[in-house]
Every structure is written in structure tokens, then in C-alpha cells.
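Data first, discussion second: the structure below is written as C-alpha cells.
The chains referred to below are lettered A, B, ... by the order of the sequence lines, with proteins before strands, and numbering in each begins at 1. The analysis underlying the following values was restricted to heavy atoms, covering all of them including side chains, and did not include hydrogens, waters or symmetry mates.
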There are 2 protein chains.
Amino acid sequence: MNSLTEENYLKALFSLSNEKGEVNVNDLSKRLEIKMPTVTSMMKRLASKKLVNYESYKPLRLTIKGKKEAALIIRKHRLTEMYLVEKMGFGWEQVHNIAEQIEHIQSPELFAKMDELLGYPKLDPHGSPIPDKNGKMVWKEYIKLSECKAGDRVKLSAVINTTTDFLKFLNSRELKLGLKLNIKSVEPFDKTMVVNYGKRMSETLSHTVCERLLVEEA
Amino acid sequence: MNSLTEENYLKALFSLSNEKGEVNVNDLSKRLEIKMPTVTSMMKRLASKKLVNYESYKPLRLTIKGKKEAALIIRKHRLTEMYLVEKMGFGWEQVHNIAEQIEHIQSPELFAKMDELLGYPKLDPHGSPIPDKNGKMVWKEYIKLSECKAGDRVKLSAVINTTTDFLKFLNSRELKLGLKLNIKSVEPFDKTMVVNYGKRMSETLSHTVCERLLVEEA
DNA sequence: TATATTTGTTAGATTAGTCTAATAAATTAC
DNA sequence: GTAATTTATTAGACTAATCTAACAAATATA
């Protein structure tokens with residue numbers, strides 16, 4: 001069994017690897033807000049548990065076992081978020097911190113029950129895939145809204161980099177998953193987009209926002 | 001903020017105090033399965049946080065503040081047990097270990113939501129009172145079934161000393177809270193009782209079982 | 001390429017939470 | 001009322017998880 005701390009390192013390493021390929025001690029240190037020497041020593045510990053392949057001065061890599069354990073923690077996190085939103089009535093901007101704690105609960109029964117009550121969902125409230133019981137996780141092929149062009153009609157399918165403030169911003173504009181968006185124009189200077197959707201005929205979205213919205217063909 | 005470990009000491013001390021009045025280092029040591037020197041040093045820590053009144057060789061006493069914090073952890077535990085049973089479909093014998101973990105979650109919103117969804121329950125699935133938001137908790141005046149006599153008609157209102165095995169035993173006899181029991185006879189030799197209830201016309205209950213069943217006048 | 005900067009490791013200290021061994025106080029038994 | 005037993009404390013060691021300071025390797029820059 002891994003400690004809560006070890007689980008947090010695994011999860012962070014897993015996420016960073018998916019985000020940017022090679023992960024350094026420095027990257028992990030910044031993500032976890034833990035000093036580099038501490039990270040180095042934890043990497044040695046996780047290496048001794050066969051969860052990480054660690055060699056001095058080389059990029060950090062999870063082993064197959066490490067990836068699986070990380071994915072199963074993320075599974076618990078995302079099932080919890082989905083449960084909190086779907087069954088308890090929380091908003092998608094409220095669930096991260098609670099799930100961050102509940103993901104460490106040791107009880108296969110609890111998560112099996114959530115899964116069952118939710119009808120075995122494939123995606124969490126932010127559109128991210130929920131890894132299956134074996135830790136398998138597949139992202140559908142989305143593109144960023146920022147990569148689309150004027151005239152495109154797309155469906156909003158996932159949101160990434162989901163800070164509370166960003167999610168509150170999306171709430172304020174009634175931007176929800178599943179929504180169809182029409183891109184009216186893209187400002188060449190700053191890549192700001194003007195879109196319409198639902199009853200909103202002309203909403204302006206900054207490039208920063210558009211980069212965090214994942215869409216597919218409508 | 002108290003650590004998970006500190007919370008467990010507070011909770012154990014609170015429960016032991018309610019069970020037997022004066023609590024020694026030795027009692028707490030046995031309850032937590034932690035050696036006495038460790039308990040002594042934790043008591044000094046909790047004393048420095050004004051949660052426990054500690055004097056060498058004297059019985060341990062929670063301060064008002066310590067009692068309140070302990071009761072609020074028990075509140076989270078019992079709300080969670082109730083939620084797991086009422087909203088997720090777990091059996092009363094399955095919820096203790098999950099609640100034991102979830103009681104440490106730091107999220108007033110989560111427990112407020114459980115409370116709301118449950119309709120502000122006063123009792124947990126075992127009939128124990130749920131402390132209110134101020135840590136106030138009142139036990140109704142129950143007596144042990146073992147203290148009743150032949151001919152009494154009583155209502156089963158709470159169960160105590162609820163190990164998983166005991167709760168499974170109750171399940172196997174269809175013994176649930178709210179049930180009306182008629183005491184047919186009490187064996188003077190070993191205090192075994194013969195009772196009937198529901199469709200069961202003659203069930204024999206050992207003294208050990210009867211001491212763990214709390215009843216009130218039917 | 002030599003130097004400066006960034007990144008990573010080693011060494012050593014700190015705190016929380018645990019233990020065992022030794023000792024001391026309190027209680028119980030004779 | 002002394003001795004035996006139980007209970008409690010002190011002292012010292014250990015692991016997990018963190019830190020800072022110093023040094024070393026790798027990378028970027030001039």
C-alpha cells in the first residue's frame with residue numbers, strides 16, 4: 001500500500017507525463033510545490049517500490065505498475081467528481097478539492113458503488129475520461145477551440161486547466177459541455193474569438209479561454 | 001487544524017469518556033492499539049493545543065474545546081454512515097470502515113450537503129445520535145434489552161458495540177431498528193432470552209446479544 | 001570554448017508519530 | 001505496612017516527509 005503522499009507524487013507524475021512527455025525533477029517539484037531534494041528522495045523511494053524508473057539526471061518515468069496505480073487514483077478522483085455533481089448536486093467548480101481528498105479513500109466497495117449508481121460513466125464532469133478498473137484511459141480526439149477558424153461549427157466536449165475561477169467564468173457565460181458553438185470571427189491580432197451558442201448571439205472569448213476548451217465537429 | 005492522528009485520539013478519548021467516565025492513558029492505549037508512551041506524548045501535544053487537560057498520573061479529560069472538536073468528527077462519521085446506508089444502499093454492517101476514513105475529510109460543504117440530502121437526520125443507522133453543528137449530542141433514554149423481563153413489549157431503538165460480525169448476526173435474524181419485540185421468557189441461569197417479533201415466533205438471544213440491544217417502551 | 005545559469009544531488013537538520021527499555025509512581029495484595 | 005503488580009513517564013531510537021545549504025552536473029549563453 002502507498003501512502004497518501006506517495007499517491008500524490010504518482011498522480012502528479014502521471015499527469016505531467018501526459019501533458020508534456022519528459023518530466024524533470026524540477027517540473028514535479030513545481031507542480032507539487034515541494035523542494036527538489038525532497039522530490040529526488042521520493043523518486044528513489046518510488047523506484048525501490050518499482051513504481052518509477054529513476055536514474056540520476058535523467059527524466060522521470062513511471063513504470064507500467066506506477067502508471068496503473070496512478071490511473072486508478074485518477075479513476076477514484078473522477079468517479080468522485082462525477083458522483084458529487086450528478087448525485088449530490090454540486091457544481092463542477094466545487095468538486096475538485098473534495099475529490100482530491102476522497103481519491104485516497106481505501107474502499108473498492110465505495111467506488112464500485114459510485115460507478116454503479118452513475119451507470120458506469122466514461123467521462124467526468126469536465127469531459128475527461130475516467131480510467132477503467134485496469135487503469136486504461138483513452139482520450140477522444142478533441143481539438144482546442146483556439147485551433148478552429150471562423151465559420152466552424154463545433155461541440156464543446158471537454159475543458160482543461162480547470163481552475164475554480166475558470167469554471168466560474170464558464171458558468172457566468174452559460175458554457176456547458178455538449179453545447180454547439182458557431183465561430184463567427186477570429187481576431188488575427190490577439191486570436192480572440194466571437195462565437196454564438198444557445199441564446200447568446202455574440203460572446204467574445206479570449207485566446208486563453210479558447211485554449212482550454214476542447215471541441216469536436218458538431 | 002488537527003492532523004488525522006490527533007483527530008483519532010480526540011475521538012477515542014471522547015468515546016471512552018462517555019463509556020466509562022474516567023479514562024487512563026492505559027485505556028486509550030488499548031483502544032487505539034498504540035503503546036502508552038506514545039499516548040502520553042500525544043496527550044502533552046493535545047494539552048498544548050488546549051484540547052485535553054493533562055496532568056501526570058491523573059485521568060485524561062477533554063477540554064470543552066476538545067469535546068466539541070471530537071463531537072464534530074463523530075458528526076461527520078455518523079452523517080457519512082447515514083448517507084452510505086440511505087443514499088447509496090450499503091448495509092449497516094458495511095459502513096463503519098468507509099466512514100472512519102471519510103470523517104477526516106475537510107469540507108464543510110460535503111457534510112452540509114449530506115445533511116441536507118438526508119433531511120437533517122437526528123440518528124445514524126445504528127440509532128446513535130448525530131451531534132449537531134455545535135457538537136451538541138443527546139442520547140435518548142434507552143435501556144438494554146438485557147435489563148427487561150418476561151412479558152415486556154419493547155421497541156428496538158439502537159445497537160451498541162456494533163462489530164461487523166454482530167451486525168451480520170442481526171441481519172441473519174432480521175433484527176432491525178424500529179422492530180417491536182415481545183419477551184417470552186428469560187432463562188435465569190444464563191440470562192438468555194426468548195423473544196418474538198415480526199414473523200419470528202421464537203428467537204433465542206444470548207445475554208451478550210441482549211446487552212448490545214437498546215430498547216424503549218413499545 | 002569558457003562562463004553563467006539552471007537543474008539535480010548530497011548532507012544534515014526538523015517535526016510527527018511511532019517504538020522499546022528503563023525507571024518511577026500508584027495501586028493492589030498479602 | 002511492605003511487597004508485588006499495574007500504570008505512567010522518561011530517554012533514546014526509528015521512519016516518513018519535509019526543509020536549507022552546499023556542491024555537482026547539465027545546459028545555455030556570450
Side-chain angles (χ1 to χ4, degrees), chain A residues 1-14 16-17 19-62 66 69-70 73 100-101 103-106, chain B residues 1-14 16-17 19-62 66 69-70 73 100-101 103-106:
Chain A
M1 200 39 35
N2 303 312
S3 70
L4 184 148
T5 308
E6 288 167 337
E7 290 196 346
N8 284 333
Y9 279 86
L10 288 177
K11 193 166 55 109
L13 185 46
F14 184 89
L16 277 171
S17 303
E19 286 165 31
K20 53 162 286 186
E22 298 220 324
V23 180
N24 299 320
V25 171
N26 195 29
D27 300 324
L28 196 47
S29 167
K30 280 173 183 149
R31 172 63 58 95
L32 291 168
E33 297 182 79
I34 282 172
K35 296 286 181 290
M36 284 202 291
T38 310
V39 172
T40 298
S41 78
M42 180 58 87
M43 289 305 104
K44 290 178 179 175
R45 276 246 304 277
L46 294 179
S48 79
K49 298 177 83 169
K50 305 286 181 204
L51 294 164
V52 166
N53 287 315
Y54 172 77
E55 288 175 86
S56 293
Y57 300 103
K58 297 274 175 66
L60 304 169
R61 282 167 34 238
L62 285 168
E69 298 197 11
I73 300 161
E100 202 77 3
Q101 298 178 69
E103 70 191 6
H104 302 292
I105 300 285
Q106 302 295 331
Chain B
M1 201 40 33
N2 304 311
S3 70
L4 184 148
T5 307
E6 289 167 336
E7 291 196 345
N8 285 334
Y9 279 86
L10 288 176
K11 193 166 55 109
L13 184 46
F14 184 90
L16 277 172
S17 302
E19 287 165 31
K20 52 162 285 190
E22 297 221 325
V23 180
N24 298 320
V25 171
N26 195 29
D27 300 325
L28 196 48
S29 166
K30 279 173 183 149
R31 171 64 59 95
L32 291 167
E33 297 182 80
I34 282 173
K35 295 288 180 290
M36 284 203 292
T38 310
V39 172
T40 298
S41 79
M42 180 58 87
M43 288 306 103
K44 290 178 178 176
R45 275 249 302 278
L46 295 179
S48 80
K49 298 177 83 169
K50 305 286 182 204
L51 295 164
V52 166
N53 287 314
Y54 171 78
E55 287 175 87
S56 293
Y57 301 104
K58 296 275 175 65
L60 305 169
R61 282 168 33 239
L62 285 168
E69 298 197 11
I73 299 162
E100 201 76 4
Q101 298 179 68
E103 70 191 5
H104 302 292
I105 300 285
Q106 302 294 331

For nucleotides 2-5 of chain D, list the nitrogen or oxygen atoms of the protein found under 3.5 Å from its nitrogen or oxygen atoms, one pair per line.
none

Anything under 3.5 Å between a protein N or O and an N or O of nucleotides 23-29 of chain C, put it in a table, one pair a line.
| residue | atom | partner | partner atom | Å |
| --- | --- | --- | --- | --- |
| C:dA25 | O4' | B:Tyr57 | OH | 3.3 |

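Here the C1' atom of nucleotide D:dA8 and the CE atom of B:Met43 are 13 Å apart, to the nearest Å. We find that CD of A:Glu55 is positioned 16 Å from P of D:dA25, with the value rounded to whole Å. Atoms CG (A:Asn24) and C1' (C:dG8) sit 10 Å apart, rounded to a whole Å.
Counting heavy atoms from C-beta on, the side chains of B:Thr38 and B:Met42 never come closer than 4.5 Å.
In this structure, CG in A:Leu13 is found 12.5 Å from CG in A:Asn8, a value given to the nearest 0.5 Å. Interatomic distance, CG of A:Leu4 versus NE2 of A:His104, reported as 4.0 Å (0.5 Å rounding). For the atom pair CG (B:Leu10) and OG1 (B:Thr5), the distance works out to 11.0 Å, reported to the nearest 0.5 Å.
Not counting sequence neighbours, the partners of B:Asp27 by the side chain to side chain contact (heavy atoms under 4.5 Å, CB included) test are B:Leu16, B:Lys20, B:Val23, B:Asn24. By the side chain to side chain donor-acceptor pair (under 3.5 Å) test, A:Lys49 pairs with A:Asn2, A:Glu6, sequence neighbours left out. Not a single salt bridge (Lys or Arg N to Asp or Glu O under 4.0 Å) links A:Lys44 to another residue, sequence neighbours left out. With sequence neighbours excluded, the residues forming a salt bridge (Lys or Arg N to Asp or Glu O under 4.0 Å) with A:Lys58 are A:Glu55, listed by chain and number. For A:Glu103, the salt bridge (Lys or Arg N to Asp or Glu O under 4.0 Å) test picks out A:Lys11, with sequence neighbours left out.
Note on B:Lys44: a side-chain N or O is less than 4.0 Å away from OP1 or OP2 of D:dT10.
The two residues B:Ala12 and B:Leu28 come nearest to each other via the heavy atoms CB-CD1, 3.7 Å. The heavy-atom pair separating B:Leu62 from B:Ala70 by the smallest distance is CD1-CB, 4.5 Å. Taking each heavy atom of A:Ile34 and A:Tyr9 in turn, the nearest pair found is CG2-OH, 3.4 Å.
Near DNA chain D, defined here as any heavy-atom distance below 4.0 Å, the residues from residues 3-13 of chain A are A:Ser3, A:Thr5, A:Tyr9, listed numerically. Of the residues in residues 25-41 of chain B, those with a non-hydrogen atom less than 4.0 angstrom from any atom of DNA chain C are B:Ile34, B:Lys35, B:Pro37, B:Thr38, B:Ser41.
The list of salt bridge (charged side-chain N to carboxylate O under 4.0 Å, His left out) pairs with a residue in residues 31-42 of chain A, not counting sequence neighbours, reads A:Glu19-A:Arg31.
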